[in-house]
Amino acid sequence: MASREEAEVQVSELELLSSMFPRREEFLVTDPLALAELQLAAAGEAAEMPSSKVQFTLNVKPEVPGASMVEFSMVCALPFKYPTVPPEITVRSPLLSRSQQIQLNSDLKTYLMQNCSGEPCILSAREWVKDHASAYVDRELSSSSVTTSNASQSEDVIFTRLWIYSHHIYNKQKRKNIIEWAKELSLSGFSMPGKPGVVCVEGLQSNCEEFWSRVRRLTWKRILIRHREDVSLEGGGHAEIQKQRKFSTLEEKCFDAHGPRGNHMDLGQLYQFLEQKGCADIFQMYFGVEGH
């Protein structure tokens with residue numbers, strides 16, 4: 001199937017999802033610019049294929065016996081060759097332990113590999129999650145409300161690391177906000193200004209999400225979460241959280257800025273920095289090539 005044909009199929013499926021689930025609480029495209037690029041490609045009006053995969057969230061509410069209605073979020077990305085290749089889907093829910101989440105996503109991936117090659121299958125995947133998700137929930141955990149159970153609260157300590165991509169970060173006030181908000185929320189990581197801009201924050205999940213909520217409300221040409229890491233810390237206290245950190249604080253990092261406006265960083269130095277922190281694999285997620 002040609003690239004334009006694949007783009008047409010993807011646009012059609014996204015339009016169908018939008019019509020079936022019109023509320024943002026049900027279906028939300030998290031990277032509107034990528035969608036706009038895909039639509040141009042489908043219409044044959046783009047000089048080149050989209051630079052980023054379309055990413056979106058589809059929320060599902062399966063019935064979990066003995067528990068209040070809990071939402072399962074399907075975080076989806078459509079590879080450029082989709083539907084020739086399966087979609088990338090990760091399911092998350094506060095009802096799932098880390099091991100349950102890993103098992104559910106592994107089984108979903110197997111289902112997609114077996115049933116979703118060559119045809120649009122997001123709706124099929126949603127139905128699979130709706131029908132099967134409850135089977136992965138710990139019965140002991142589901143017997144009480146997630147929001148009121150002290151036991152679940154003590155286990156629901158999640159350490160999160162967000163890898164944020166921006167088309168550029170130039171504005172001095174934005175750069176100041178990033179550092180100050182991270183300090184306020186006890187987040188560590190780093191911020192690389194310039195074009196492109198890279199921000200990594202790590203800490204308690206609620207604080208990372210508050211940081212992202214503030215940052216995304218600022219005016220950007222383009223900004224998105226390129227990658228997310230969540231680690232469940234059962235009964236995790238301060239010491240456990242500190243063990244997970246790859247950075248001691250959040251600071252702005254500039255790597256041999258060059259270019260006409262001094263706004264391009266040396267990506268080789270960025271890769272070396274990431275490698276030192278044990279994060280070298282992130283480089284390819286950002287730039288599509290292996291670092292050196």
Side-chain angles (χ1 to χ4, degrees), residues 1-18 20-21 26-31 34-35 37-38 41-42 49-64 70-138 161 163 165 224-232 280-290:
M1 186 183 289
S3 295
R4 180 178 175 183
E5 290 178 299
E6 288 163 342
E8 290 173 346
V9 172
Q10 291 184 29
V11 168
S12 295
E13 185 170 30
L14 290 166
E15 289 176 346
L16 176 61
L17 290 170
S18 181
M20 292 181 66
F21 310 107
E26 299 174 304
F27 171 70
L28 178 65
V29 175
T30 53
D31 187 0
L35 175 59
E37 290 179 346
L38 181 68
M49 292 306 293
S51 57
S52 296
K53 295 176 285 190
V54 172
Q55 302 180 48
F56 57 92
T57 300
L58 194 59
N59 292 320
V60 188
K61 293 184 178 180
E63 292 186 9
V64 179
V70 176
E71 193 168 78
F72 284 67
S73 294
M74 297 171 57
V75 181
C76 310
L78 301 183
F80 297 129
K81 291 295 183 180
Y82 173 82
T84 303
V85 299
E88 300 167 4
I89 303 177
T90 300
V91 181
R92 300 190 179 103
S93 171
L95 269 185
L96 296 171
S97 68
R98 180 164 177 78
S99 60
Q100 291 164 349
Q101 181 172 304
I102 289 173
Q103 186 61 55
L104 187 158
N105 283 301
S106 175
D107 292 346
L108 173 59
K109 184 176 181 179
T110 299
Y111 169 81
L112 294 174
M113 294 294 291
Q114 294 175 348
N115 299 276
C116 300
S117 180
E119 296 293 335
C121 61
I122 297 299
L123 284 176
S124 298
R126 183 183 183 277
E127 286 303 305
W128 188 94
V129 172
K130 186 174 182 180
D131 292 342
H132 295 85
S134 61
Y136 294 83
V137 177
D138 187 332
R161 184 176 297 111
W163 295 92
Y165 169 90
L224 65 142
I225 296 176
R226 180 69 80 187
H227 182 60
R228 175 182 183 133
E229 302 169 49
D230 290 309
V231 179
S232 180
D281 57 321
I282 294 297
F283 190 89
Q284 188 168 16
M285 294 184 187
Y286 269 98
F287 304 107
V289 295
E290 294 185 3

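Given the structure is predicted, the values throughout are model-derived calculations rather than measurements. No hydrogens, no waters, no symmetry mates; every other heavy atom, side chains included, goes into these values.
- No donor-acceptor distance shorter than 3.5 angstrom exists from the side chain of S18 to the backbone of L14, with no hydrogens or angles considered.
- Contact check for T30 versus L224: no side-chain heavy atoms found under the 4.5 Å cut-off.
- In this structure the side chain of E229 reaches within 4.5 angstrom of the side chain of W163, judged on heavy atoms.
- Side-chain contact check for P87 versus C121: some heavy-atom pair is nearer than 4.5 Å.
- From E26, atom CD reaches atom OG1 of T57 across 13.0 Å, with rounding to the nearest 0.5 Å.
- Here the shortest heavy-atom pairing between A133 and F72 reads CB-CE2, 3.7 Å.
- Contact of the F21 side chain with the R126 side chain is registered, since non-hydrogen atoms from C-beta on lie closer than 4.5 Å.
- Using a 4.5 Å heavy-atom cutoff, the side chains of Y136 and V129 are not in contact.
- Side-chain atoms of Q10 come within 3.5 Å of backbone N or O of Y82 as a donor-acceptor pair.
- For the atom pair NZ (K53) and CZ (R226), the distance works out to 8.0 Å, reported to the nearest 0.5 Å.
- Using a 4.5 Å heavy-atom threshold, the side chains of I122 and L78 count as touching.
- Annotation: E119, atom CD; neighbour count of heavy atoms from other residues, nucleotides and ligands within 6.0 Å does not exceed 12.
- Of all the heavy atoms in D230 and R98, the pair that sits closest is O-NH1, 2.6 Å.
- By the 4.5 Å heavy-atom criterion applied to side chains, V91 and M74 are counted as neighbours.
- Nearest approach of V29 to F56, heavy atoms of both residues: CA-CB, 3.8 Å.
- Contact check for L123 versus M20: side-chain heavy atoms found under the 4.5 Å cut-off.
- Listed here is the closest heavy atom pair of I282 and H227: CD1-CD2, 3.6 Å.
- Note that OH of Y165 and CD1 of I225 are 15.0 Å apart. Values are rounded to the nearest 0.5 Å.
- Looking at R92, its side chain never comes within 3.5 Å of a backbone N or O of Q101 through a donor-acceptor pair.
- Of all heavy-atom pairs spanning I89 and N105, the tightest one is O-OD1, 3.9 Å.
- Note that SG of C76 and CG of L28 are 11.5 Å apart. Values are rounded to the nearest 0.5 Å.
- Q114 CD to L112 CG: the interatomic distance, rounded to the nearest 0.5 Å, is 9.5 Å.
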